[in-house]
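Convention: sequence-line order gives letters A, B, ...; per-chain numbering from 1.
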Amino acid sequence: MEKTAASNFLETIIAEDIAAGRVQTVVTRFPPEPNGYLHLGHAKSICVNFGLAERFGGRCNLRFDDTNPEKESQEFIDSIQADVRWLGYTWDGEVRFASSYFQQLYDWAVYLVEQGHAYVCDLNAEQAREYRGTLTEPGRNSPHRDRDVAQNLDLLARMKAGEFAEGEKVLRAKIDMASPNMNMRDPILYRIRKVAHHQTGSDWVIYPTYDFAHGQEDAIEGVTHSICTLEFEDHRPLYDWFIAHLPLASRPRQYEFGRLNPSYTVTSKRKLKQLVDDAVVAGWDDPRMPTIAGMRRRGYTPSAIRKFCQMIGTTRSDGVVDVAMLEFAIREDLNENAPRAMCVLNPLKVVLTDYPEGKVEKLAAASHPSRTDLGERMLPFTRELYIDADDFREEANKKYKRLVLGKRVRLRNAYVIEAVDVVKDPSGAVLEVHARTIPDTIGNDPADGIKPKGVIQWVSATEGRQATVRLYDRLFNHESPDKGERDFMTHINPASLQVVQGAWIEPSLCNALPEQGFQFEREGYFVADRLDHSEQAPVFNRTIGLRDSWAEHGGSGE
RNA sequence: UGGGGUGUCGCCAAGCGGCAAGGCACCAGGUUUUGAUCCUGGCAUUCGGAGGUUCGAAUCCUCCCACCCCAGCCA
C-alpha cells in the first residue's frame, strides 16, 4: 500500500489505526438499501469504500441493508450488483444481506430487554411524536417505559409471533428522553410490518430499524471502518451505544464524509423516481439520468467515473461539484481511447463534378491521431458525398474555416476540394454544392500553394450508411434544480434530447459493437446504444460533445 | 432559542505554527488534415469576520457571522 503525497482524512485515520495496531486488516462495506437504482452519489461511496479497502490491502463487502421490505425489491438487488461490477469492483465473498442476520438481531434485542435496556412501548406513531419533544424541548418518558423484564420479554415474543397489529407496539431502547440528540430519545428498535420480505418471505412480521441494525451488521461482518454520509453523524452516538451494550466480538467505528451534489442534476431517489414515473425520461437507464445505468448507456466509462470520484476528493464539507469535472473526466478518457470515425448529422450533398461516376477509392485513415495500436479503417471516396450543412457557406469572413463558395477545404483523411457552384431550390435554399477535387492532395498540400481553409468531415453518399443519432444534453437547465422555491421539475431542459434520424455514417461504423465508444470527429464522443444498436439499424448516443471554442465564442452565429 | 457539523480562488481541494499545492473552469499565446488533443503562460499579498497569543498564524485562543443536518414505527 504505497502512499502518495495527498491523502484524505479517512486514509489518515486508517493509516493511524494500522500503525497503532488497532486494526490488522481493513474491512469496509458498501451498504445500499435495494429500493432504487444506484446513482453518481453512490458511485462516490462505492469508490470511497472499495478504494480504501484496495489501497490498504483490505476487503470490502457488498451488503444490502434490507430492513424495510415495503420499499425494496429484487429488481434493485440485481441492478445494484450489476452496477457495482460494471464500475469495476469486486466485493469480498458472497453478497451479504442484513436480512440474513434477522435472527441474531432479534436475539440481541432480547438481550437488551433482559439487561433492562429496552422495552415494548404501546404508544402509536402520533403519540410517540408528542412524547419525543422538539429540537428545543426535552421529551417525556413513555408510560410503558418501566414495564418489567418478564413482561417486556413476553410482549416482544408476541410481537414476533404476530399477535399485534402494525403500529400497535414497538420495541424501544431505554436511553434518555431528554437528550439534546433526538436519536437518543428512546429510539425504536423494532416495528411491526406484516408484509412479505423479498429475502425472508413471511418469516418475520417485525423488522429492525436502520439504527438497531447497521452497527451490528458491521460488527457481524468484522467491518472496521463503517463509512457513511454526513447526515448520519447524529446517529453515531446511538451506533456506539448499541455496540457498547451488546456482547459483540468486534468494534466497528463509524466515519462520515460529505455526499456528492453534482450541479445541473438531482440525485434524490424520490426525484429520480418521479422523472421515471412521469415519463420525463425513458427509464432508470435513460442516458440523461445520473444513475450508473444511465451513465453507462450514455457512454460514460467506469474508469472516467472512478477518475471523477478521485478528482473531487473525500472530505467532510458539503458543496456542489461542477458537472464540468465529470465531463472533463469522460472527455479525457475517450480522447485517449476512443477510435475516431466520421458522421454527418445535418447532411448537405456535395457533387465532385470532376470525379468519375461509379468510381470508389478506398482511402486508409488512422483510427486515432496518436494511438497507432488502434489501427486504421478504409473510407470509400466517391463522386457524391455528404458534408454537414453548417460546414458550407456561400460567403463568409476569414474566420470561418470551412467550405465557402469559390474556396477550398480539406476533406478529413481525403482530398482538398474547391466549391465551384451551388444548386438551389426555388425558395433559395441550398440543395447541393458542386465542387472539384484538387489533384494529388491526399497527404499533400495543393501543388499550387493555395492551402485549404480548414478540415471538415464527410461521408460517401453512395457507400455511406444511415443511422439514428441521439443528441443528449443536460436534463436540467438550472445549476441546482433542487434548491429554491420552484419545483425541480420546472427546471427540466426541454432540449435534453434531440433525435437525428438521417445521420450519415462511414460504413465501418456498422461494425460497432453495442457499448463501443467513438469520437465522431469535430462532433463529440458517441456510443453505440447497448440495447438498440444493430448493424442493420445503427443507433448512437452522444456521450459528450467536443470542447468547442468556436461555438463558445459565438462563431456559429455570424 | 437545543444538539451535531462545515467555512482556503467561480467550483472541488492540499495545508495541521515558518511565510497559500493541485485539478476543473476561465483568459492569452504556440502546434495541429478534428475550431479537438497537445504545449506554454496567466489566474487567492490571502485563507468567513473581528480581536488576541507568537519573532512568525490559514494553521493556537476568544467572540461573532453564514450555511448544512436532526423532531420517520425511512435509510
Counting any heavy atom closer than 4.0 Å, what does [X] reach on the DNA or RNA strands: base, sugar-phosphate only, or nothing?
{"X": "Leu189(A)", "value": "nothing"}
{"X": "Tyr190(A)", "value": "nothing"}
{"X": "Met311(A)", "value": "sugar-phosphate"}
{"X": "Phe328(A)", "value": "sugar-phosphate"}

Could you check whether the side chain of [X] and the base of [N] have a donor-acceptor pair of N or O atoms closer than 3.5 Å, going by distance alone?
{"X": "Arg316(A)", "N": "U6(B)", "result": "no"}
{"X": "Asp234(A)", "N": "G3(B)", "result": "yes"}
{"X": "Glu523(A)", "N": "U34(B)", "result": "no"}
{"X": "Arg236(A)", "N": "G4(B)", "result": "no"}

Candidate nucleotides [options], ranked by approach to the side chain of [X] - the nearest:
{"X": "Arg522(A)", "options": "U34(B), C12(B), U37(B)", "result": "U34(B)"}
{"X": "Glu233(A)", "options": "U34(B), G2(B), G5(B)", "result": "G5(B)"}
{"X": "Arg132(A)", "options": "U34(B), U6(B), G72(B)", "result": "G72(B)"}
{"X": "Ser317(A)", "options": "A13(B), C27(B), A75(B)", "result": "A13(B)"}
{"X": "Asn68(A)", "options": "A14(B), U34(B), A75(B)", "result": "A75(B)"}
{"X": "Arg191(A)", "options": "A75(B), G23(B), A71(B)", "result": "A75(B)"}
{"X": "Met182(A)", "options": "G35(B), A75(B), C70(B)", "result": "C70(B)"}

*Presence of Thr136(A) side-chain N/O under 4.0 Å of U1(B) phosphate oxygens OP1/OP2*: no

*asked:* When you measure from the side-chain N and O atoms of Arg547(A) to the phosphate of U37(B), is any distance below 4.0 Å, counting only OP1 and OP2?
replied: yes

Separation of the [atom1] atoms in [N] and [M], to the nearest angstrom:
{"N": "C73(B)", "M": "A13(B)", "atom1": "P", "result": "33 Å"}
{"N": "G35(B)", "M": "G30(B)", "atom1": "C1'", "result": "15 Å"}
{"N": "C70(B)", "M": "G18(B)", "atom1": "P", "result": "39 Å"}
{"N": "A58(B)", "M": "A20(B)", "atom1": "P", "result": "9 Å"}
{"N": "C24(B)", "M": "C43(B)", "atom1": "C1'", "result": "13 Å"}
{"N": "U54(B)", "M": "A14(B)", "atom1": "C1'", "result": "25 Å"}
{"N": "C69(B)", "M": "C26(B)", "atom1": "C1'", "result": "34 Å"}

*Roughly how many Å is it from CG in Leu135(A) to P in C70(B), rounded to a whole number?*
10 Å

*asked:* Tell me the interatomic distance from Ile192(A), atom CD1, to C73(B), atom P, rounded to whole angstroms.
replied: 14 Å

*Between Arg96(A) and Glu217(A), does a salt bridge (Lys or Arg N to Asp or Glu O under 4.0 Å) hold up when you go through it step by step?*
CA-CA 10 Å; Arg96(A) 328 283 170 122; Glu217(A) 295 162 11; over 6 Å; no

*Ring center gap for Phe76(A) and Phe64(A) short of 6.0 angstrom*: no

Does any donor atom in the side chain of [X] or [Y] lie under 3.5 Å from an acceptor atom in the other side chain?
{"X": "Glu75(A)", "Y": "Tyr37(A)", "result": "yes"}
{"X": "His198(A)", "Y": "Gln74(A)", "result": "no"}
{"X": "His214(A)", "Y": "Arg29(A)", "result": "yes"}

